[in-house]
Protein chains: 2
Amino acid sequence: MQDIADRLGISRGTVSLVLSGKAKEGRIGDELQNRVKELARELNYIPNEIARSLSTGVTKTIGVIVPDISNEFFGKMIFFIQEQAKYHGYAVITINTNECLKDFDEAVTILMNKQVDGIILVPVEGGNEIVKKIMSRKIPLVLIDRFYEDIDTTYIVTDNYDASSRAIELILNEGYKRNAVICYDINLFALTERKKGCIDVLKKHGVYDERLIKNIHYDNQEIEIEKAITDLKNEPDKVEAIFFCTRRIFLTGVKYMHQQGIHIPGDMRVICFDEVDAFSFANIPVTYIKQPIQQIGEKAIEALFDQIRGSDQAEHIVLNSEIKFSL
Amino acid sequence: MQDIADRLGISRGTVSLVLSGKAKEGRIGDELQNRVKELARELNYIPNEIARSLSTGVTKTIGVIVPDISNEFFGKMIFFIQEQAKYHGYAVITINTNECLKDFDEAVTILMNKQVDGIILVPVEGGNEIVKKIMSRKIPLVLIDRFYEDIDTTYIVTDNYDASSRAIELILNEGYKRNAVICYDINLFALTERKKGCIDVLKKHGVYDERLIKNIHYDNQEIEIEKAITDLKNEPDKVEAIFFCTRRIFLTGVKYMHQQGIHIPGDMRVICFDEVDAFSFANIPVTYIKQPIQQIGEKAIEALFDQIRGSDQAEHIVLNSEIKFSL
DNA sequence: TCTTTTCGCTTAACCGGTTTAGCACGAATT
DNA sequence: AATTCGTGCTAAACCGGTTAAGCGAAAAGA
């Protein structure tokens, strides 16, 4: 900018006004405007957004924190968030937490240091205080997929209880009575609701058996999922269906079932929370819950921009899922 | 910082020296250091990285440009890149191109505006000039997955020709003679190599039939893939196997084959370039090519940091893939 | 005792933009 | 002729850090 100003014998401020499209308000003559623009093009001038950000206090960047971007579910969600953000002229910094509190804390710190204009995040178990820290800084914030019951934030979630109970209900109606549930033992509303949705329906139908509810430690999941399945297989009173509370548990579980020669649906019926891209090419009958990923992403951006524009009331958006069948 | 300085009756520079860990070089007394640090903690001081970036010329941020982050392959790649970047104290901005040149150009512009310290990108067809633009700015750059033959950049790729020819060779040895290939008509080295690898082997074995090579327009892929499969199904001389050049073509294709009642492997054997997470739960026999995604990501970061540290020689890294079978 | 070092901290320029107040000058108004 | 107004541009402060040069006082050396 200084270079352009010098060459044209004008001031830096004038160049700035022209190049930032404020020539009208700055009352810069048309002829000079053209000369500035042309020279900028000739010199391949690239504006320094860092300087602009420092000056304006706006970075045109939002941060997104997810457990695992390589997970299809979050990958898709981020895709939609990015597309929307791009449309609004915002860039996106994504960070993975691996469901780990320490990583979550670091991620938030990084984003605050980078002065992002807003944060969309999937909260991690026990991250309540960290989320409060963000709020105390008045940084626009939207939680997605999950939320903390004790903090009044804006969130976009799906009704996990409703989806799970409808799915189990469907399975019961198909005649499968002894149904198991495999879930992480993470104390997050979204997950506990999935479990609760199943359990309540099973109880209602009088077919609930506590022993068929398996809780998995996230950090040792592969082994524990396999053990859970072995246990279920060896149940004296035959288990007829398994409800997998997440996509990842499902994939690990079904892979193991194949290895063990457990036939689907002959030996066991399966239900998966979340859709897997590849359902379409597998010829396994899976009842699954399809969350409206695109909608979640778009609503999240919408709610975030509401806040960036100044709104300060928390929005609570609960979306519904579809129960689908893979074949 | 000014606030801390005022409260302690010292200068801003001193606070900066302490908080940026340069107290030793700045010869700041131990006692004062402690007071500064403590007050910073008390006040919940958060450093403004934007200001630091402007001052130092380093943003501790890298940009990553991929065709589609929701694609499992790129999703995983980005995951590994992010983990490595995080380890080195760098944040990552990702942008999708959707294989579109305009989006690619915009993505590069955004990243340059944001003054990223380096860029890792999956090039898009025809983006040669855009890549040259980056190089002319001396911004550290690594291409992954693909590269332009006419530009001497650092790149990390796998040997697509080798992988494809080995996979086809395997299929031929299993006795499948009339083999088709479905690929995008995109003129990118990585893709043309895959096609070439197949064709050369088929020719070598004297079973090449030009009509079995199907080229798909990216923008209209679903319909064209379905048409290609219908054509192959109606071939008078029965087609025995299909080589799908990308994961996405594979998923679309196999889904359609199911709909059409084409049985795998009874009616048709399938080969997929790239692994799909869900192979493990599908009981379809798929011969597939597994690229070393983690290695690509890690090598990319490594090569990028070599450049950030000052190296200016282009590294060309070609990795090998595994041929695997899903069952 | 006088000079040289070392120590502890400050001063102020700088990074590259944005933005407000204001100056100079000609045209319009009174 | 004096005043007001509009136009076109500049000057300079500001955003929040970093950092080289420098300064006074105390310690070490001659």
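Reminder, nothing fancy here: chain letters follow the sequence lines and each chain counts from 1.
- Around CD of A:E38, the count of heavy atoms belonging to other residues, nucleotides or ligands within 6.0 Å does not exceed 12.
- With hydrogens and angles disregarded, a donor-acceptor distance shorter than 3.5 Å links the side chain of B:D117 to the backbone of B:T59.
- Judged as a ring pair (Phe, Tyr, Trp, His ring centres under 6.0 Å), the pairs with a partner in residues 85-111 of chain A (not counting sequence neighbours) are, in order, A:H88-A:F305, A:Y90-A:F305.
- Sorted by residue number, the list of members of residues 111-119 of chain A with any non-hydrogen atom under 4.0 Å from DNA chain D is empty.
- No side-chain heavy atom of B:V64 sits under 4.5 Å from any side-chain heavy atom of B:I95.
- Atom-to-atom distance recorded for A:I62:CD1 and A:I139:CD1 is 13.0 Å, nearest 0.5 angstrom.
- Atom NZ of A:K299 has 12 or fewer neighbouring heavy atoms from other residues, nucleotides or ligands inside a 6.0 Å radius.
- Toward the 5′ end of DNA chain C lies the nearest nucleotide of B:I10, the other residue of the pair A:G13 and B:I10 mapping further downstream.
- Defined by atom type and a distance below 3.5 Å, a donor-acceptor pair is present between the side-chain atoms of B:N128 and B:D150.
- OP1 or OP2 of C:dT10 lies within a sub-4.0 Å distance of a side-chain N or O belonging to B:T14.
- Of the residues in residues 17-31 of chain A, those lying under 4.0 Å from DNA chain C by heavy-atom distance are A:L17, A:S20, A:K22, A:R27.
- For the pair B:N34 CG and C:dG8 P, the computed distance is 13 Å after rounding to whole Å.
- Side-chain contact between B:I296 and B:D145: absent, with no pair of heavy atoms (C-beta onward) separated by less than 4.5 Å.
- Boundaries of the chain A contact region on DNA chain D are D:dT7 to D:dG16, first to last in 5' to 3' order (nucleotide atom under 4.0 Å from a heavy atom).
- For the helix from C:dT1-D:dA30 to C:dT30-D:dA1, the axis fitted to the five pairs at one end and the axis fitted to the five pairs at the other end meet at an angle of 60° (nearest 10 degrees).
- A heavy atom lying under 4.0 Å from DNA chain C marks the following residues of residues 49-59 of chain B, by number: B:L54, B:S55.
- At most 12 non-hydrogen atoms from other residues, nucleotides or ligands lie less than 6.0 angstrom from CD of A:Q313.
- A:R12 has its CZ atom 10 Å from the P atom of C:dT18, to the nearest Å.
- Looking at B:R248 and B:Y184, their side chains never bring a donor and an acceptor atom within 3.5 Å of each other.
- Annotation for A:Q2: atom CD counts as buried by contact number, over 12 foreign heavy atoms lying within 6.0 Å.
- Taking the side chain as every heavy atom from C-beta outward, B:D312 and B:Q307 never approach each other to under 4.5 Å.
- Using a 4.5 Å heavy-atom threshold, the side chains of A:I69 and B:K76 count as separate.
- With a 4.5 Å cut-off on side-chain heavy atoms, B:I144 and B:L121 do not count as touching.
- A ring-centre distance under 6.0 Å is found for A:F147 and A:F189.
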